[in-house]
2 protein chains.
Amino acid sequence: MEQVSEPFTIDLRRLTVLRELQRRGSLARTAEALHLTPSAVSQQIAALARETGVPLTEKDGRGVRLTGQARVLLAHADAIAAQLERARADLGAYGEGGRGSVTIGCLSSGILGVASKAPSAVSTAATWTSLWVSTPRTSSQDPP
Amino acid sequence: MEQVSEPFTIDLRRLTVLRELQRRGSLARTAEALHLTPSAVSQQIAALARETGVPLTEKDGRGVRLTGQARVLLAHADAIAAQLERARADLGAYGEGGRGSVTIGCLSSGILGVASKAPSAVSTAATWTSLWVSTPRTSSQDPP
DNA sequence: TGGAATTACGCGAGTCGTAATAATC
DNA sequence: GATTATTACGACTCGCGTAATTCCA
């Protein structure tokens with residue numbers, strides 16, 4: 001059966017594999033880090049390349065090297081991972097103290113002053129910088 | 001054992017189902033919109049609730065109603081979907097004209113002036129606002 | 001020859017649909 | 001009784017591991 005009108009979905013699990021590959025440098029070490037076999041890692045990367053339609057690795061000696069497109073994808077993967085982390089935090093904090101978080105941003109040069117004072121609130125990725133601040137919510141928590 | 005960076009993964013497919021449920025209001029209409037059966041939708045939502053550890057629906061008459069936690073999760077889902085869309089655009093534009101995009105942000109009130117002049121470059125979600133700008137890249141494209 | 005990646009293939013887990021059940025209007 | 005959601009169960013797909021193959025230092 002074919003799934004219709006699925007604009008662009010990427011399996012986050014495969015993206016995690018690609019992130020680990022960037023960090024470890026080889027399929028073998030990636031597999032070890034994820035408690036998988038090199039075969040599984042190879043298949044995941046191949047599937048992700050099929051999904052996205054771009055080559056993610058190229059041969060380099062007896063190993064592999066990430067392509068520029070893979071690095072582009074990874075920059076977004078970092079942002080998505082951070083977003084997921086925020087979701088987890090917000091879900092965990094739901095109903096406890098009535099606070100959530102909002103994401104604002106600014107130019108990297110401008111956020112450094114804040115980062116120096118509250119480093120735990122600032123997360124930086126390759127292409128963007130976000131500041132997360134907790135905001136008190138009073139009564140109207142969920143406008144319908 | 002070394003830290004396996006897998007603290008929190010959410011299946012984006014299930015998140016899409018939840019988004020459609022928010023939009024349609026009932027499992028039946030959601031199933032119809034996604035070319036699925038109500039059974040599949042019910043199982044997906046239940047699985048997502050297990051994954052996240054929070055209740056997502058509560059009974060309302062003979063239908064269901066989203067919980068506040070579900071709305072919190074959906075706010076992040078919007079942000080993630082937008083991020084994926086950016087990833088797709090960047091991947092498609094890779095190597096064509098040597099341009100990519102960077103994400104910057106500002107307070108909503110401050111971005112309106114830009115939005116009025118280049119609306120296609122601005123995307124707004126529930127809790128954040130991002131401006132996407134294309135930046136020319138010259139020679140040093142990938143610093144190792 | 002040894003290490004790294006890929007491919008072939010079988011098995012288990014997850015997902016969907018059909019059908020039956022429960023609940024509400 | 002009609003509509004909505006949930007549960008039980010069988011069929012199918014997908015992902016992982018084992019094992020064989022290829023490539024390179």
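Bear in mind the structure is a predicted one, so any value in this text is a computation, not a measurement. Throughout, a chain's letter reflects where its sequence line sits, starting with A, and its residues are numbered from 1.
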- Message: Less than 4.0 angstrom from a charged side-chain N to a carboxylate O is my criterion; do B:Arg13 and A:Asp11 meet it?
- Response: no

- Can you find a pair of side-chain heavy atoms, one from B:Leu84 and one from A:Ile80, that are under 4.5 Å apart? yes

[N] [atom2] sits how many Å from [X] [atom1], rounded?
X: B:Leu34; N: C:dC16; atom1: CG; atom2: P; answer: 10 Å
X: A:Asp11; N: C:dT15; atom1: CG; atom2: P; answer: 11 Å
X: B:Leu36; N: C:dT18; atom1: CG; atom2: P; answer: 11 Å
X: B:Leu27; N: C:dT24; atom1: CG; atom2: C1'; answer: 15 Å

- Query: Does A:Ala40 or B:Leu21 map to a spot on DNA chain D nearer the 5' end, using the closest nucleotide for each?
  - Reply: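 Looking at DNA chain D, the more 5' nearest nucleotide goes with B:Leu21.
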
- From B:Gln22 CD over to B:Leu73 CG, what is the distance, rounded to the nearest 0.5 angstrom? 10.0 Å

- Hey, what do you get for NZ (A:Lys59) to OG1 (A:Thr57), rounding to the nearest 0.5 Å?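 Answer rounded to 0.5 Å: 9.5 Å.
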
- Take B:Asp90 and A:His76 through the test side chain to side chain contact (heavy atoms under 4.5 Å, CB included) and record every step on the way to the result. CA-CA 9 Å; B:Asp90 268 17; A:His76 294 283; 3.1 Å; yes

- Query: Per the atom types in the model, does the base of C:dG17 pair as donor or acceptor with the side chain of B:Gln43 at under 3.5 Å?
  - Reply: yes

- Message: I'd like to know if A:Ser42 reaches the base of C:dT7 with its side chain such that a donor and an acceptor end up less than 3.5 angstrom apart.
- Response: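 No pair found.
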
Quick one: side chains of residues 23-31 of chain B, donor-acceptor pairs under 3.5 Å with protein atoms, not counting sequence neighbours, listed by atom name and distance.
residue	atom	partner	partner atom	Å
B:Arg24	NE	B:Glu20	OE2	2.8
B:Arg24	NH2	B:Glu20	OE2	3.1
B:Ser26	OG	B:Arg29	N	3.2
B:Arg29	NE	B:Arg24	O	3.1
B:Arg29	NH2	B:Arg24	O	3.3
B:Thr30	OG1	B:Ser26	O	2.7

- Scan A:Arg14 against the nucleic acid and name what it touches under 4.0 Å (heavy atoms): base, sugar-phosphate only, or nothing.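 Touches sugar-phosphate only.
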
- What are the residues of residues 50-58 of chain A, sorted by number, that bring a heavy atom to within less than 4.0 Å of DNA chain D? none

- Task: Scan residues 59-66 of chain B against DNA chain D and write down, sorted by residue number, each residue with any heavy atom closer than 4.0 Å; if none is found, say none.
- Result: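 Result for residues 59-66 of chain B: B:Arg62, B:Gly63, B:Val64, sorted by number.
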
- Query: Could you give the start and end, 5' to 3', of the contact zone on DNA chain D for chain A, using atoms under 4.0 Å from its heavy atoms?
  - Reply: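 Contacts span D:dG15 to D:dA25, reading 5' to 3'.
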
- Message: So if I apply the side-chain contact (heavy atoms from CB on, under 4.5 Å) rule between A:Leu21 and each of A:Thr16, A:Leu34, A:Leu66, which one comes out positive?
- Response: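 Among A:Thr16, A:Leu34, A:Leu66, the one that satisfies the side-chain contact (heavy atoms from CB on, under 4.5 Å) with A:Leu21 is A:Leu66.
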
Distance-only donor-acceptor hits, side chain of residues 45-52 of chain A, under 3.5 Å, sequence neighbours excluded:
residue	atom	partner	partner atom	Å
A:Glu51	OE2	A:Arg14	NH1	2.5
A:Thr52	OG1	A:Leu48	O	2.9
A:Thr52	OG1	A:Ala49	O	3.4

- Item | salt bridge (charged side-chain N to carboxylate O under 4.0 Å, His left out): pairs with one or both residues in residues 30-39 of chain B, sequence neighbours excluded |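 Of all non-adjacent pairs touching residues 30-39 of chain B, none passes salt bridge (charged side-chain N to carboxylate O under 4.0 Å, His left out).
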
